[in-house]
**Student:** 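Take this structure, written in structure tokens, and hold onto it; I'll ask about it next.
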Amino acid sequence: MHMLSINRIRNSKEKVIEGLKKRGWNDDQLLILNKIVELDDYRKKVQTQNDQLLSERNRLSKEIGQLYKDGKRDEADAAKKNVEALKEDISANEKSMSDFKQSLLELLYKVPNVPHTKVPKGLSDEDNVVIKGWTGEMPQLAEGAKAHWDLAKEYGILDFELGVKITGAGFPVFRNQGARLQRALINFFIDQALEQGYEEIVPPLLVNEASGIGTGSLPDKEGQMYAIEKDALYLIPTAEVPVTNILRDEMVRPEDFPFRYVAYTQCFRREAGSYGSDVKGLNRVHQFDKVEIVQVQHPDKSHDTLDEMVKYVEGLLQKLELPYRILRLCGGDLTFASALTYDFEVFSAAQKKWLEVSSVSNFEAFQANRLNLRFKDELGQRRMAHTLNGSALALARIIAALLENNQTAEGIVIPEVLRDYTGFDIIKTK
RNA sequence: GGUGAGGUGGGUGAGUGGCUGAAACCAACGGUUUGCUAAACCGUCGUACUUGGAAACAGGUACCGGGGGUUCGAAUCCCCCUCUCACCGCCA
């Protein structure tokens with residue numbers, strides 16, 4: 001879990017409260033904020049006290065050294081007794097300080113990011129606001145149009161059963177033109193990002209614990225990540241994890257803003273507990289491909305950057321000629337770390353369903369607090385950088401929509417922009 | 001997997017119990033000099049927490065890979081962990 005800085009809770013409590021209410025926090029839950037400040041007050045008090053004791057100990061120790069040099073053994077031994085008394089107090093203080101810190105952290109980890117003022121109130125996805133709906137034509141499918149899992153079979157491009165045999169449910173096997181379509185999309189997305197000036201990254205797919213904590217993927221309560229216990233490593237659920245950690249524990253130069261990274265990776269999600277029609281076919285799988293964009297930006301500019309990223313993702317969907325809509329997530333649907341998130345959904349015509357294909361978020365300083373990602377501003381003050389990321393895009397569901405929307409009597413038509421990448425313009429049966 | 005050597009500030013690298021928050025050099029920043037550039041010279045130059053202060057700043061504490069221990073006192077001694085490097089083994 002990421003966290004809010006205590007100072008933010010101290011200094012702008014009203015705004016924090018207002019924001020958390022948007023997430024549906026009630027008065028009882030809000031009491032946590034008071035407890036946090038209270039605990040921190042205690043911590044400060046104890047620390048100040050302890051620092052004085054340590055200061056005293058240091059002073060006496062120096063004296064003892066001097067006394068020994070001067071050959072005044074008796075006086076030195078007497079002074080030692082004094083220090084020993086101090087030591088008991090010190091260790092008691094330290095114990096209570098670490099207890100305070102522990103409880104403080106436990107509380108802090110429960111507090112999600114404060115939603116941006118633009119975030120609408122609401123408890124569930126029903127309260128998300130469509131800020132841009134689809135006004136164009138919807139795909140006109142012939143009678144008997146098939147869902148992508150049936151098309152997959154018919155054209156021999158995607159095999160779910162084979163995946164079950166090799167690994168288990170949720171690990172589809174792409175083959176033939178399906179495999180090539182997948183690779184074409186990856187290259188198309190990366191090339192598009194490169195044109196925008198993103199730096200391409202090929203990160204590790206396994207991360208250590210520190211990286212998992214840095215982006216808030218750990219501690220992993222829901223068991224969302226695949227863990228390799230023997231080596232204390234985790235399979236990444238998204239490229240966000242390794243890529244955002246590039247700048248963990250760094251003090252960056254403000255003139256280097258924005259940092260812009262694009263990374264294609266496979267993503268692994270246990271999706272524990274999910275079931276039903278939502279998980280059919282490519283709608284939700286344990287392993288999928290995704291091209292992710294990550295930016296690290298100056299706090300004053302991060303929301304402009306968010307808008308820019310939203311526009312960029314929108315452009316991708318336009319080029320793929322997919323019907324899409326953009327949603328601004330309400331407080332209740334916002335992820336724990338996000339201050340403002342836009343979701344992109346494409347219409348998958350045969351399922352008659354909107355499928356989420358991208359989520360673009362500004363985490364503001366929430367992640368940076370945990371990542372310890374800072375910069376020195378014009379005044380020499382240290383400040384937390386803002387982090388943002390977005391899928392651009394997640395492949396599995398894009399393929400689902402492409403297959404369904406572009407099916408014709410002749411075969412599945414490949415969008416214009418992808419043809420140079422696929423090397424064919426239609427998927428046909430053998 | 002085996003053996004050996006190491007992790008010190010942005011970098012290189014001194015430092016084997018008190019005078020070391022840490023030499024020196026490099027980089028960086030500010031300044032002097034200069035027609036400009038370079039050079040030279042002078043100065044500044046870690047982070048976190050905390051106390052006082054509106055602030056500039058001043059004080060205190062902690063930090064030399066991480067954790068624990070010995071000691072009046074630890075970068076320095078002891079234990080555990082971890083990472084890096086080298087060589088060997090295995091291997092895409």
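Order of the sequence lines fixes the chain letters, A, B, ..., with proteins taken first and strands second; residue numbering starts at 1 for each chain. Everything quoted here is computed from the prediction, not taken from an experiment.
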**Student:** Closest approach to the side chain of A/Thr48, judged atom by atom: which nucleotide of B/U47, B/G60, B/U50 is it?
**Tutor:** B/U50

**Student:** When rounded to the nearest Å, what value does the distance between C1' atoms of B/A22 and B/G31 take?
**Tutor:**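 These two C1' atoms come out 27 Å apart once rounded.
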
**Student:** Taking atom C1' in both B/A27 and B/C72, compute the distance separating them and give it to the nearest angstrom.
**Tutor:**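 Approximately 41 Å lies between the C1' atom of B/A27 and that of B/C72.
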
**Student:** Strictly by Watson-Crick or wobble contacts shorter than 3.5 Å, is anything paired with B/U76, and which nucleotide is it?
**Tutor:** none

**Student:** Go nucleotide by nucleotide along RNA chain B from the 5' end; which of A/Lys80 and A/Arg43 gets its closest nucleotide reached first?
**Tutor:** A/Arg43

**Student:** Please report the distance, rounded to the nearest Å, between CG in A/Leu54 and P in B/C63.
**Tutor:**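 Spelled out: CG on A/Leu54 to P on B/C63 is 9 Å.
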
**Student:** Relative to each other, are the rings of A/His303 and A/His116 parallel, tilted or perpendicular (30° and 60° limits)?
**Tutor:** tilted

**Student:** For B/U3, which nucleotide is its Watson-Crick or G-U wobble mate, given both distances must be under 3.5 Å?
**Tutor:**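 Pair assignment: B/U3 / B/A86.
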
**Student:** Does A/Lys87 put a side-chain nitrogen or oxygen below 4.0 Å from OP1 or OP2 of B/G73?
**Tutor:**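 Yes, such a contact exists.
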
**Student:** Take atom CG of A/Asp51 and atom P of B/C63, then tell me their distance rounded to the nearest Å.
**Tutor:** 11 Å

**Student:** B/C72 P sits how many Å from A/Lys81 NZ, rounded?
**Tutor:** 10 Å

**Student:** Does either side chain, that of A/Glu364 or that of A/Asn113, offer a donor lying less than 3.5 Å from an acceptor on the other one?
**Tutor:** no

**Student:** Determine which nucleotide pairs with B/C36, using a 3.5 Å limit on both distances of a Watson-Crick or G-U wobble pair.
**Tutor:** none

**Student:** Please give the nucleotide sitting opposite B/G46 as a Watson-Crick or G-U wobble pair, both distances under 3.5 Å, or none.
**Tutor:** B/C63

**Student:** Round to the nearest Å and state the distance from A/Gln52 atom CD to B/A62 atom P.
**Tutor:** 13 Å

**Student:** Which one, B/G60, B/A62, B/C72, comes nearest to the side chain of A/Tyr68?
**Tutor:** B/C72

**Student:** If you check the A/Met251 side chain, which of B/U61, B/G73, B/U47 turns out closest?
**Tutor:**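 Comparing B/U61, B/G73, B/U47 against the side chain of A/Met251, the answer is B/U47.
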
**Student:** Can you confirm whether more than 12 heavy atoms, excluding those of A/Arg383, are under 6.0 Å from its CZ atom?
**Tutor:**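 For A/Arg383, atom CZ is crowded (more than 12 foreign heavy atoms under 6.0 Å).
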
**Student:** Heavy atoms from C-beta onward define the side chain here; which of B/U61, B/C49, B/U47 lies closest to that of A/Ser55?
**Tutor:**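 Nearest listed nucleotide: B/U61.
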
**Student:** What's the CE-C1' distance between A/Met97 and B/C63, to the nearest Å?
**Tutor:**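 Distance check: A/Met97 CE to B/C63 C1' gives 14 Å.
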
**Student:** Mind checking the C1' distance from B/G21 to B/G60? Whole angstroms is fine.
**Tutor:** 14 Å

**Student:** Expressed in angstrom and rounded to an integer, what is the separation of A/Glu56 atom CD from B/A62 atom P?
**Tutor:** 13 Å

**Student:** When you check the phosphate oxygens OP1 and OP2 of B/U71, does a side-chain N or O of A/Arg57 lie under 4.0 Å from one of them?
**Tutor:**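 Result: no.
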
**Student:** For the P atoms, the ones on B/G9 and on B/A48, what distance do you get once it is rounded to whole angstrom?
**Tutor:** 16 Å

**Student:** Quote, to the nearest angstrom, the P distance that separates B/G18 from B/C77.
**Tutor:** 12 Å

**Student:** Tell which nucleotide pairs with B/G21, taking only Watson-Crick or G-U wobble pairs whose two distances are both under 3.5 angstrom.
**Tutor:**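 Across all strands, not a single nucleotide pairs with B/G21.
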
**Student:** Is A/Lys376 close enough to B/U47 that one of its side-chain N or O atoms is under 4.0 Å from OP1 or OP2 there?
**Tutor:** yes

**Student:** With respect to A/Glu94, which candidate in A/Leu53, A/Asn50, A/Asp99 satisfies the side-chain contact (heavy atoms from CB on, under 4.5 Å) definition?
**Tutor:** A/Asn50

**Student:** Would you say A/Leu20 and A/Gln29 make side-chain contact, with heavy atoms under 4.5 Å?
**Tutor:** no

**Student:** Return the pairing partner of B/G9 with a 3.5 Å limit on both distances, Watson-Crick or G-U wobble; otherwise return none.
**Tutor:** none

**Student:** Should A/Arg382 be listed as having a side-chain N or O under 4.0 Å from OP1 or OP2 of B/U47?
**Tutor:** yes

**Student:** Over 60° means perpendicular and under 30° means parallel, so tell me whether A/Tyr226 and A/Phe268 are parallel, tilted or perpendicular.
**Tutor:**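 Answer is perpendicular, since the angle exceeds 60°.
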
**Student:** Could you state the CG-C1' distance from A/Asn82 to B/G73, rounded to the nearest angstrom?
**Tutor:**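 Answer to the nearest Å: 15 Å.
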
**Student:** Identify the nucleotide, in any strand shown, that forms a Watson-Crick or G-U wobble pair with B/A14, with both distances under 3.5 Å; if there is none, say none.
**Tutor:** none

**Student:** Would you call A/Lys165 and A/Glu161 a salt bridge, using N to O less than 4.0 angstrom?
**Tutor:**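 Result for this pair is no, no salt bridge flagged.
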
**Student:** What's the closest nucleotide to the A/Arg374 side chain, out of B/U50, B/U47, B/U61?
**Tutor:**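 My answer, after comparing the listed nucleotides, is B/U47.
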
**Student:** B/U61 phosphate, OP1 or OP2: any side-chain N/O from A/Asn50 under 4.0 angstrom?
**Tutor:** no

**Student:** If the P atom of B/A75 is compared with that of B/U70, how far apart are they to the nearest Å?
**Tutor:**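 The answer is 16 Å between these two P atoms.
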
**Student:** Using the P atom as the point on both nucleotides, what is the distance between B/C78 and B/A92, in whole Å?
**Tutor:**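 One P to the other, the span is 42 Å.
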
**Student:** How far, in whole Å, is B/U50 from B/G67 if one measures between their C1' atoms?
**Tutor:**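 Between the two C1' atoms, the distance is 24 Å.
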
**Student:** Looking only at side chains, do A/Thr387 and A/Gln367 share a donor and an acceptor under 3.5 Å apart?
**Tutor:**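 Side-chain D/A pair, A/Thr387 to A/Gln367: present.
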
**Student:** In whole angstroms, how far is the C1' atom of B/U50 from the OH atom of A/Tyr42?
**Tutor:** 19 Å

**Student:** Tell me which of A/Val83 and A/Asn372 sits closer to the 5' end of RNA chain B, going by the nucleotide each one is nearest to.
**Tutor:** A/Asn372

